[in-house]
Amino acid sequence: METLLGLSAIAAALLIGMGALGTAIGFGLLGGKFLEGAARQPEMVPMLQGRMFLIAGLLDAVSMIGVGMAFVLMYANPFIGLLPH
């Protein structure tokens, strides 16, 4: 039981940590490409900005799904029912 809970805590930490790392890298690349596009064609900034915010929302959604999965592992662990009594 203790091993399962310990490994679940490690899995939850990895889910949250890797989700945050991936989101940070994604936001960095997204912001850089937006600035490059805005510098090359300033008249396209409103269209690029709308698309940038759409992609930013999708990036956040991916990390929030990971946080939700981590909460399930920590507070409603589905693997506890598989343990032999």
Worksheet entry | Single-linkage hydrophobic cluster Leu29~Ile55, side-chain heavy atoms < 4.5 angstrom | no
Worksheet, complete the sentence: Output for pair (Leu5 CG, Ile80 CD1), nearest 0.5 Å, gives 5.0 Å
Fill in: Which atom of Asp60 lies closest to which atom of Phe27, heavy atoms considered
OD1-CE1, 3.4 Å
Worksheet entry | Gap between atom CG of Leu30 and atom CG of Leu35 - 0.5 Å precision | 9.5 Å
Worksheet item: Atom OG1 of Thr23 and atom CE of Met18: how far apart are they, to the nearest 0.5 Å?
Response: 12.0 Å
Practice prompt. Over all heavy atoms of both residues, which pair between Leu15 and Gly66 is shortest? Give the atoms and the distance, please.
Written response: CB-O, 4.0 Å
Fill in: ILVMFWY cluster, Leu82 and Met1 together (side-chain gap under 4.5 Å)
yes
Worksheet item: Are Leu21 and Ile10 co-members of a hydrophobic cluster defined by side-chain heavy atoms under 4.5 Å apart?
Response: yes
Fill in: Spacing of CE belonging to Met47 relative to CD belonging to Gln41, to within rounding of 0.5 Å
8.0 Å
Discussion item. Show the nearest heavy-atom pair for residues Leu73 and Ala12, with the distance to one decimal.
Written reply: CD1-N, 4.4 Å
Worksheet item: Can Ile16 be reached from Met74 by stepping across I, L, V, M, F, W or Y side chains whose heavy atoms are under 4.5 Å apart?
Response: yes
Practice prompt. Say whether Leu54 and Met52 are linked into one hydrophobic cluster, either directly or through other cluster members, by side-chain heavy-atom distances under 4.5 angstrom.
Written response: no
Item to complete: Working to the nearest 0.5 Å, report the span between CE of Met64 and CG of Leu59.
Response: 11.5 Å
Worksheet, complete the sentence: Between Leu48 and Ala38, the two heavy atoms sitting closest are CD1-N, 4.0 Å
